[in-house]
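What follows is a short report on a single structure.
Residues take their numbers from the sequence shown, with the count starting at 1. For ligands, and for the atoms within them, numbers begin at 1 and follow the listed sequence.
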Amino acid sequence: MGAPFECAGVLDGVRWALDASQQRALSLFETGANVALLGRAGCGKSVLMRRMVSMAIEKHGREAVAVTALSGSAAQILSGQTLHSLFGMDTRPLSRAGDPLQVAPVNVTESSVDRMVFQCATWRDCFERAAGKVICLTGSHRQRDAELQRVLDRLRWGRVNAAVMRKINLINEERLVQIESPSVVFTATDEILTNDESLVETAVTSLRSSVDLTVVLKLNAIFILTRKLGDNSPGSRGVVKRFISAGDQRASTVTEVECDFDGKLVVVGRSRFSAYNSSGTELAFCEKLPLLLGWAITVHRAQGFTLNAVQIDFRLDTWTTAGLAYTALPRVRSFSALCVKGSRRNLIQFSRCSATYYEKQLSEENIDPEQDGRPPIEP
Ligand SMILES: Nc1ncnc2c1ncn2[C@@H]1O[C@H](COP(=O)(O)OP(=O)(O)OP(=O)(O)O)[C@@H](O)[C@H]1O
């Protein structure tokens, strides 16, 4: 579990605090109600979830709070575990965050039409009846560039026109980075803590679904951080500067990596990733570097990250999943940090049923969809 998370602070020299919709959701959560948070990329769902987790730990104790996610990368952002590792856990109050207009986790929703999470009976029981509430977060905190925000809102609601396509088709020179220095392989070390044979497989499957077994790095390799480390949030991009060895200089003894994050040197060591049983007891853990090679990353893995710069090549895939393009593009704060190749109108897929559900939620909260970024329909 990460350190308690702030609800106010300074970001890029600018003071910030939870916005009105975030505060409303937090107040509701404090009353003990289940809360589901919906909202566009960058509205502050993860920030608020981390705040709720630290509040719940303060109130109920570490053992009583489970943090879980449908995908391994989301679990890493929240310093939690995947859902597989928490079967049967009775956790109250519940909070959940997501954006129905972004892409769903792999293997959970193959067709965006009939298997959305908000269509499940469990969702209705937890968040739409007496036990809870769905709150739409209406802020937009990642993008400082108003034009990028407008383009993203259009993509999110499937309102794509020629001007949008031109804007996201900015083509820069491709830079291929070739590194000739030797590679250093970091292999995760597992430890099984349970003696119960029947739980070992579940624990190992849970660990493997959220972390890669090996990370291969080279000097000057570019990587992305997958866990919060000091001031660096998940998604921070850095460069490997030095391998630190425990004993002699052989690669096999390298234990830590000195990394450059925007001019600041930080030593990154292994982090502990754990699998728990239904009552919160740790069954197994693995220790591995919280780093991914950062020249290329799938959209699913990047979901939730704020990245310094992104280059997307739409030519490399068919990109037809609803919400995929919208999930990829808001990772950056400004247009100058974005380079997109090969975008075409038919790549921008949009889930009508998600939009209908989202519009219904906005209307229940008396929020004008245009205030939440939905573009007006053009004649
Ligand atoms: N109230 C706020 N004021 C200023 N900045 C904020 C606020 N809430 C969140 N942020 C910042 O905005 C950025 C995006 O926040 P966060 O990652 O929580 O959004 P998200 O809704 O989870 O996004 P995504 O859907 O892409 O996962 C982060 O850099 C975060 O620190």
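Within 6.0 Å of atom CG in Asn195, 12 or fewer heavy atoms from other residues, nucleotides or ligands are found, so the atom counts as exposed in its surroundings. Other residues, nucleotides and ligands contribute more than 12 heavy atoms inside 6.0 Å of the NZ atom of Lys360.
Set against the non-hydrogen atoms of Ala17, the atoms of ligand 1 under 4.0 Å away are 1 (N), 2 (C), 3 (N). Near Asp19, with a cut-off below 4.0 Å to any heavy atom, the atoms of ligand 1 are 1 (N). For ligand 1, the atoms sitting less than 4.0 Å from at least one non-hydrogen atom of Ala41 are 23 (O), 24 (P), 25 (O), 26 (O), numbered in the order shown with element in parentheses.
Using a 4.0 Å cut-off between heavy atoms, Ser233 makes no contact with ligand 1 at all.
Thr194 and Asp196 are not linked by any side-chain donor-acceptor pair at a separation below 3.5 angstrom, with hydrogens and angles left out of the test.
Closest heavy-atom approach to atom 30 (C) of ligand 1 within the set Leu37, Thr327, Val47: this belongs to Val47. Considering only non-hydrogen atoms, atom 16 (P) of ligand 1 lies nearest to Gly44 out of Gly44, Ser21, Gly139, Ser140.
When hydrophobic clusters are built by joining Ile, Leu, Val, Met, Phe, Trp and Tyr residues whose side-chain heavy atoms come closer than 4.5 Å, directly or via intermediates, Leu265 is not grouped with Val239.
A perpendicular orientation is assigned to the rings of Phe223 and Phe261, their planes being inclined by more than 60° (bins at 30° and 60°).
Using a 4.0 Å heavy-atom cutoff, Arg331 is listed among the residues neighbouring ligand 1. Using a 4.0 Å cutoff on heavy atoms, Cys43 counts as a contact of ligand 1.
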Criterion salt bridge (Lys or Arg N to Asp or Glu O under 4.0 Å) on Glu287 and Arg270, from CA distance to verdict: CA-CA 5 Å; Glu287 294 198 323; Arg270 289 167 185 263; over 6 Å; no
